[in-house]
Structures are given as C-alpha cells and as structure tokens.
Amino acid sequence: MSKARKTDPQSPALHAADSHDLIRVHGARENNLKDVSIEIPKRRLTVFTGVSGSGKSSLVFDTIAAESQRLINETYSSFVQGFMPTLARPEVDVLDGLTTVITVDQQRMGADPRSTVGTATDANAMLRILFSRLGKPHIGPPSAYSFNTASVRASGGITVERGAAKTKTVKATFNRTGGMCTRCEGRGKVSDIDLTQLYDDSKSLSEGAFTIPGWKSDSQWTVQLYAQSGFVDPDKPIRRFTKKEMQAFLYGEPVKIKVNGINLTYEGLIPKIQKSFLSKDKEAMQPHIRAFVERAVAFTVCPECDGTRLSEGARSSKIKRLSIADACAMEIRDLAEWVRGLKEASVAPLLEALQRTLDSFVEIGLGYLSLDRPAGTLSGGEAQRVKMIRHLGSSLTDVTYVFDEPTIGLHPHDIQRMNDLLLRLRDKGNTVLVVEHKPEAIAIADRVVDLGPGAGSAGGTVCFEGSLDDLRASDTVTGRHLDDRSVLKESTRPSTGALKIRGATANNLEDVDVDIPLGMLVVVTGVAGSGKSSLVHGSIPPGEDVVSIDQTPIRGSRRSNPATYTGLLEPIRKAFAKVNGVKPALFSANSEGACPTCNGAGVIYTDLAMMAGVATPCEDCEGKRFQAEVLEYKLGGRDVSEVLAMSVAEAEKFFGDGEARTPAAHKVLERLADVGLGYLTLGQPLTTLSGGERQRLKLATHMGEKGGIYVLDEPTTGLHLADVEQLLGLLDRLVDSGKSVIVVEHHQAVMAHADWIIDLGPGAGHDGGRIVFEGTPADLVADRSTLTGEHLAAYVGS
C-alpha cells in the first residue's frame, strides 16, 4: 500500500518530508524590522526590494542567513567553535524551515598584497600542482611555485625520546623549496622610504629629530627606545652619526634592551616603519597617517622578479614555453584556451578541474581578469562574482543562496548573463534570495517582497508580496517607480574647459588620448572590464582640485557613527561647551564625558567564549553613553544624548535657528539631507548602515571638501529607483554651483541625464581599452554603434 502511495501521482497523500516547502519568519525585529512575519517559498527565486535602509538586508542577511549560520556552527564541537566567530541569535520569535545558507555578498576582498584572484579561487593552487608535475626543468613540489612560501633550509641536532629516560640526539636537516622572490618577499613591489620624511638630520634625538606622526614627543616610548638604546648618541645631530651608528639606527637587528627598567625590543628605524605602517591596509589608516605614508614611501615594481612575485627558479620552469608567471599574467579566457590544449593523461583530473574553474570565470563575465590581479583592486561587483565561481559547478542542492545586489558593476549587456546564472542555481533545486534594485533583475523573480514604506524608522515592514505584475499594479514606492524611464536632455550644458589625458596605458588602456570636458556632468561608461576605472582613477592626475569618491568601504567600529564620521560632532561639542562654560571633551562618549561603567559604549559586553557574547544596556547610563553630570548640560533644551538620538532631518531644524543655531553643524546636516540620509540618527553605529547608506555618507563628507572636479564611482550602488532621481538632482546642483562632475556609471538613468558621454570598449580586457564614442546622450542613441548606445536607446524608448 505504502509503495502504491509513493509512486501513484493521483494519490492525495503527501509525504511528511514534502511538507517543509517554506521558510517561515515570525516576529523579526533585527535593526529596524517591525515584528515582520513572512513565508518564503523554497526552491524558488525571491527578490527583496525597497528603498535603501528599508530593512532588506536586516531580514535576509541579519535574520535568515545569520540564524542558519549560527545553527550550523552549533553542530561543531565546543573546541572547534572556539576558533569560529561567535554569532548571537537574531531578534526573531520563530525561524522555521531553514536550510544551509551560502552568502555571496558585495564585501570587497581583503587588501592584503599577497592575495590575488588566483589565490582567492584555488586556481593558483591547481596551477602550482600542474607545474610541479609537468614543468621543465623540475624544481620541486607545488610550494616551489608559490610566491607566499619562502625557501627554508635548516640543520642541527634534535632530541628524540624513546621510552622512559632514554633520549638520543640525532642530526636532522630540513629543506623546503619556496617560490617567493627574496627581494620583495612575494609582494611584487618594493618600498623606497624617503628618510627626510622620517627625521630632521640637523637635530639630535633629544631635540625632537623625528617627524613621524605620533613620534614627536620626547616622552613617547618609541623615541625613548632609540634615545636610550646605547647604539647612538642621543645628543648628537643625526647627520654626524658614524657609519656604525647609522647602520644600527636605520637597519639594526631586533634586540632586547631595558628602558627605564622595562624590557623592550630595539630594532632599526626602517624595519620599524615597515612593520608599523607598511604592513597595514592604507585605507584603514587615519587621514594624517595615510598622508604621511603617501609622502614618505614610494612603491616601485621589484627589479629582481619584475613584479611577478616569484623566484628565478619558479620563473625558469616552463610548460610549452610558458612559465607559471606568464600563465598568471594572461587574461583568464586566454589561459583557459591554453589549458584546453594540454593533453596529459597523468594529470587529467587536475586539468579537468582547472579547466572548469577557468571556464566559470569566462561564463560569469570575468574572463578579462588575470590570476595575478591583486584581490584588493577588484570592485564590489567583481569581488561578488569571483565568490560565485566556487558555487557554479557545485553538486549541492536544497541550499539557500543569498545574493546582495549581484548586478552591481554590471553593464546592462551583462545583466542577462547574471540572471541566467541565478535561474540555473534555482533550477538545480536551490532557494535563491536576492536583494536587488535593478528592474531587469527583479523581472526574473518568482516572487517579489517589497519592504518599506520608507527608510530607517519609517521602514521595516512588508508592504507587498506577490508577482512582478502585481507589484506594478500596487501602490508601493517600488511599484510606482518600476517602469520609470528618464528622458534625454533637450539641451546640454556648454563646456568651460577640458581635462586632458594623454597616452593613458593603465591596465588595459591602449595609449588613450581624451579631453574630458569641464563644467558639465560627464558619464564614463562601457562593459565591465572595458577600462573605465583605469581611465578615471588611474589616469586623471591627482591634485588639490580633484575630489575622488571611489567604492572603498567605510571602516568604523561600533563606536563610530554619522556624527563622528562626518566631523559633525566637533561643532556640536563646541556649541555645548560654549553655552555651558565647560570643556568640549565632556561631550564625547569616547573621551572625558564617557560613562565609566561601560566606557561610553552604552552596553556591557559579556564574552562567553565559544558561545555568542551578550550585550546588555548599561544600568548606570541606561544606554545613553554619558556620565549623569554631563547630561545636566543643555543646548536648546536638549542634552547631548538627546541630540545624538535625533534624525538628520530633525537635527537640521534644531541647529538651523533659535538658541541651538550652529552654522557649522547645520552645513554638514544639509549635505547629509541632500544625499537622502535625512532619516538616519546621528548616533547610529556605522556597523548598522547598509552599503548604499555608507556610500552616500562618504559622498556627503567629501562634498564639504574644496575641489573643482568631483570623480564618482558608481554612485547609484545600493540606490532604489526612487532615490536615483534625488541623486541626479544632487549631481545637477554640484554642476550648477560651478563644479565639474565625472561619473563612472552603468545606470541608464544617469547616462540619459548626462551632458557628455565617454564610452569605452568595445569589449572587456584586451578587447577593450579604447574609446568607442564621445558625445551627447542623444548622439549616442542616434548612433547606436556601441553596446551602450543600443541599451540606452532601448531604455529611453527610441
């Protein structure tokens, strides 16, 4: 009977295992979500839409994906969990029907100089094995071809214990062949440090010779370390040091010494600077430290390995006249063809796996990259697609894939290819959840969930669930703007000059000459990998007149917030101090005004080892972060914690007039409102902001800088269709105020709104790097000679 039920399609009986076809979320309250309850169908493609900050990421990433990951982590032993990040349970009543979640987000890859596209995707590992088997001459195991592995040789006596009290000394040797270039240590670049930026050689150490940030005070530990080391005379000008003193001062080996009775390690100034400054991510440094590094250090291609990072031995071993350095420098689509031509039965499984990985790059539209491309130079969209590589050929099914705007950085021509990949993942029996703004990507959804209606505290509710056609008919913000189409400008602004670029050869640019008109809104476009960023960021000479706003993420701890990041807190603190006759430092939760119990964090963190830590509001300050006596000081009837709890729009009115009138603060708040962040609260931690919010926060900050030319890299990233119109208004105001705005962009609405378009192509990688069109959007549409022209013509309905 049971067999008949299982095979008979007419049987009404449903197996209990087949009833779990929904992911059920009840009472989600993470971040700004307001008790959201929703049922998401499994093995379907569901797209989540809504204005930036409406709660999409809070629901998909911070609730569904986070809980799945937490539950998986709990299946490991306590010992293993101790090495894993601890995850707290999301604020939700019920989460049912979860499957294993694979998150493919748009976080940029690490900026470690040793991380490349090849090392991030296992392609390098397979190439190293291939060369260790087939390379002539044979130089050693796979490690001999790795630029992250140094050659090591050692010999000596080792003590071997054999039973009770039986020991024997045995001579042993250890030898490991690595492929690292010894000159640059596998970085491909060497640093040339300008000593004049480190110290004033006319002064002695005791006279404050150091000009390194933070090293100027005589009482500073590092300064004392050199002054009292005994290797140099602290009272003699540096230029009078003997050869021996100069060697010890600049290049001394690490050695333990005592300074004021404390054991410290002394080492030469050059290795000290390399460890203190050059080993860190430059973008994470404070502005004045970054300025010092850019001023004091020049990075040049390593003369020994010619930038390949590899030792001479690794470069000498070849397969069909190609070394591993040559293979990694090739465009991946060309490398895939080369690998396809290798016929060697002894390594057939390896060749098949390598071929599959390289073909995945081409299939996903990244064939123009090379394996030696530093991972930190990839855009957010490229990084996300590189992460997809390992999932494309996966045999796993019934997995939940979560994507964060997978069409970022894609030309309209490439979006269809991305859509096909998402549908392929779904058709293998997986659940695909996508956070997206582009109408072309929303169009393939089996189900659309629209969050809103607004952003921040005005969002966090589900406004719509259903099909695409039902969304169009709905009265939601997304539904109203889904079919928005910008029209071409009837008249464009005249040029006031030109920014001349001559002989640009960065990356794939082919000796490009171009005059970028000034006093206009100029859009640089082209397919992904055509050379847009190389032209704009790599070829425009940096100067005081150029303000560049790229896609590098904002870094900030949970103590950072919009008020601290934009510099808004400074005039607010001064205003409070002036009215109350006290020090400004009292009004900083990171300084003298901090609550002593929670150190100004507002919460008490309890570490529970391998279990998720617990954060509880501080009982003394009740989460306000300040000492009680500080909150007695008022400005316009509000204390500093109440001001930080205000939204940008509310604070703009508060500091605009009356007793609290503060022009410096009001100016910053106006810029935040201009970029559409009026709903953010001033004290909201940066860690809770979405990607689109962070980029607009960065834009608002840079708008205050003095500069005649603004360079923006895909400012529509993370923006809802309704917000794009506001961004275009902001760009217009910048140009009308006398600025020149150059935008690298794929969004057709921005192209249609431009005064001038520069289109690169015709393809990507070595098929690109040339200018295929210059002119007005109307001319581009009429011409239709490029891929961009065809898609823009279809967009405006011409």
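The figures here come from the full heavy-atom set of this structure, side chains too, leaving out hydrogens, waters and symmetry mates.
Here the side chain of N561 pairs a donor or acceptor atom with the backbone of A563 at under 3.5 angstrom. The backbone N or O of S457 lies less than 3.5 Å from a partner atom in the side chain of K34, making a donor-acceptor pair. Checking side-chain atoms of N430 against main-chain N and O of L425 turns up a donor-acceptor pair under 3.5 Å. Distance alone, capped at 3.5 Å, places no donor-acceptor pair between the D483 side chain and the R472 backbone.
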* Asked: How far apart are the C-alpha atoms of D783 and S785, what are their side-chain angles, what is the distance that settles it, and do they pass the side-chain hydrogen bond (donor to acceptor under 3.5 Å, both in side chains) test?
  -> CA-CA 5 Å; D783 198 30; S785 59; 2.6 Å; yes
* **Full working for side chain to side chain contact (heavy atoms under 4.5 Å, CB included) between L45 and F403** => CA-CA 11 Å; L45 194 155; F403 292 93; over 6 Å; no
* To do: Assess whether salt bridge (Lys or Arg N to Asp or Glu O under 4.0 Å) is satisfied between D427 and R424, documenting all intermediate values.
  => CA-CA 5 Å; D427 293 344; R424 210 171 83 195; over 6 Å; no
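E650 meets the side chain to side chain donor-acceptor pair (under 3.5 Å) test with no other residue; sequence neighbours excluded. With sequence neighbours excluded, no residue forms a ring-ring contact (aromatic ring centres under 6.0 Å, His included) with H747. Applying the side chain to side chain donor-acceptor pair (under 3.5 Å) test to Y401 and every residue at least two apart in sequence or in another chain returns nothing. Applying the side chain to side chain donor-acceptor pair (under 3.5 Å) test to T46 and every residue at least two apart in sequence or in another chain returns nothing. Every residue was checked against the side chain to side chain donor-acceptor pair (under 3.5 Å) condition with Q748, not counting sequence neighbours, and none meets it.
A pairwise comparison of heavy atoms in S58 and N32 identifies OG-OD1, 3.9 Å as the closest pair. Nearest heavy-atom pair, H702 versus V547, reported as atom, atom and distance to 0.1 Å: CB-CG1, 3.8 Å. Residues V104 and K387 approach most closely at CG1-CB, 4.0 Å, considering heavy atoms. For the pair R784 and E790, the tightest heavy-atom approach, listed with the atom from each and the gap, is O-CG, 4.1 Å. Between E363 and R417, the shortest heavy-atom contact is O-CD, 2.9 Å.
More than 12 non-hydrogen atoms from other residues, nucleotides or ligands lie less than 6.0 angstrom from CZ of R426.
You'll find the side chain of L422 reaches within 4.5 Å of the side chain of P406, heavy atoms only. Side-chain atoms of D779 and F773, non-hydrogen and from C-beta on, do get closer than 4.5 Å to each other.
Using a cut-off of 4.0 Å between Lys/Arg side-chain N and Asp/Glu carboxylate O, D713 and K532 are scored as not salt-bridged. The pair R733-D736 does not count as a salt bridge, with every side-chain nitrogen at least 4.0 angstrom from each carboxylate oxygen.
Among L568, V668, T566, V675, the one residue that satisfies the side chain to side chain contact (heavy atoms under 4.5 Å, CB included) test with T701 is T566.
Between atom CG of residue L669 and atom CZ of residue F655 there is a gap of 7.0 Å, rounded to the nearest 0.5 Å.
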Pairs under 3.5 angstrom only: tabulate donor-acceptor contacts from the side chains of residues 518-531 to other protein residues two or more places apart or in another chain.
unit_1	atom_1	unit_2	atom_2	d
T525	OG1	E745	O	3.1
S530	OG	V527	O	2.8

